[in-house]
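Scroll down for the structure; my scribbles are underneath it.
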Amino acid sequence: MSLAGAWYLGLAAIVFFVLVVAPAEVVVGLGIVVTNFRRRSTTVADDLNSLRG
Amino acid sequence: MLDASSLVVATRPAWPDILVFAASAAVILIGALGVVTSRNPVHAALSLVMTLFGVAVLFIEQEADFLAAVQIIVYAGAIVVLFLFVIMFLGVDRRENIEVEPLAGQRPLAFVLSAVTLAGVIAMAATSHWVTGAHHVVGPIQGHITDKASPSGEPAQLGKQLFTTYLFAFEATAALLVIAVVGAVVLARRPPVPEHAETERAEAARTENELGI
């Protein structure tokens, strides 16, 4: 709190909102992992090469 | 401590700051490279923990202690554990031979590092405040914009800001999280039996009836 004032708290609030957005992304990522596991029975990223030309 | 004028005038950072930044930046970069290059998703998740710890050190360096604590608790504590839980749940837990050491001499090294850590904790407890690690604690923590009638400190002020100035954004994040949860449920539920499969089965049953099987 040495960088006094609402200016600093505003920055902290922005970082806070970024922190909150991340769980939403994690939820989507885990959903993709689970769906992919159902289709291909693997979680190893190297095996997911069906889009490779 | 910085005053208002030093916010405008760019000051030369002291060498401990540079050292801390360089060390944590190296940790962050190594961890980030580990996340994208690991074949094993568990190793990728652990590299992610490494990166998040480095970012937390940077937060402390910026004197944003509350954000550093939130970073560790929310990211390293909750999200990575959730990730590991899902990965383990999906069955990466193949049988391992625990007699073979993947790294040569990792067991003696583990003992040495544990002893060093224990010695560090004991030394810190002996020479300074046992909870905070501060060398001496003088009274309650004083905030710069303390309101006498309200609790002081960064979390209290941040909370007040969140529910007043940033209330709309706060509500928007609540909606975002709800949408994410609904999306996760939609992604994770088993797909319903498709319509045409249903009619096909009914048709097959009807032909079977007609043939008298």
Side-chain angles (χ1 to χ4, degrees), chain A, chain B residues 1-4 6-7 36 38-42 44 59 62-67 70-71 74-75 78-80 82-83 85-87 89-92 141-146 152-154 157-158 160-162 165-166 169-170 172-174 176-177 179-181 183-188 190-191:
Chain A
M1 284 266 281
S2 66
L3 305 179
W7 173 79
Y8 167 72
L9 281 173
L11 297 188
I14 290 171
V15 175
F16 193 78
F17 286 126
V18 174
L19 288 182
V20 176
V21 171
E25 298 176 9
V26 167
V27 163
V28 174
L30 283 179
I32 291 172
V33 168
V34 170
T35 315
N36 223 322
F37 180 78
R38 249 186 224 144
R39 297 177 68 93
R40 303 194 193 286
S41 305
T42 180
T43 57
V44 181
D46 284 359
D47 295 348
L48 308 175
N49 52 8
S50 55
L51 283 181
R52 180 172 288 172
Chain B
M1 295 289 134
L2 300 173
D3 56 15
S6 65
L7 291 179
V36 293
S38 308
R39 287 161 182 270
N40 192 332
V42 176
F59 275 140
Q62 298 290 325
E63 302 186 24
D65 301 343
F66 177 67
L67 284 178
V70 168
Q71 170 97 2
V74 172
Y75 277 149
I79 287 185
V80 174
L82 178 72
F83 226 104
F85 185 81
V86 170
I87 292 170
F89 183 68
L90 293 179
V92 198
I141 299 168
Q142 300 285 328
H144 277 258
I145 48 175
T146 307
S152 62
E154 186 188 349
Q157 298 295 331
L158 185 59
K160 202 184 285 179
Q161 288 274 312
L162 281 183
T165 314
Y166 303 101
F170 187 80
T173 53
L176 178 74
L177 288 176
I179 292 168
V181 168
V185 170
V186 169
L187 272 178
R190 301 210 166 270

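In what follows, every chain begins at residue 1, and chains take the letters A, B, ... in the order their sequences are listed. As the structure is a computational prediction, the values presented were derived from the model and not from experiment.
- Counting heavy-atom pairs under 4.5 Å between each of A:T35, A:V15, A:V21 and chain B puts A:V15 at the top.
- Residues B:A180 and A:V27 approach most closely at O-CG1, 3.2 Å, considering heavy atoms.
- Among B:V185, B:V181, B:L177, the residue with the largest count of heavy-atom pairs under 4.5 Å with chain A is B:L177.
- The aromatic rings of A:F17 and B:Y166 stand perpendicular to each other, their planes meeting at an angle above 60°, with 30° marking the opposite boundary.
- Counting all heavy atoms, side chain and backbone alike, A:I32 lies closest to B:L187 at N-CD1, 4.1 Å.
- Contact check for B:F170 versus A:V20: no side-chain heavy atoms found under the 4.5 Å cut-off.
- For the atom pair A:F16 CZ and B:L67 CG, the distance stands at 8.5 Å (nearest 0.5 Å).
- Residue contact with chain B, scored on non-hydrogen atoms closer than 4.5 Å, involves the backbone and the side chain of A:V34 alike.
- Separation of atoms CG (A:L19) and OG1 (B:T173) is listed at 11.5 Å; rounding is to 0.5 Å.
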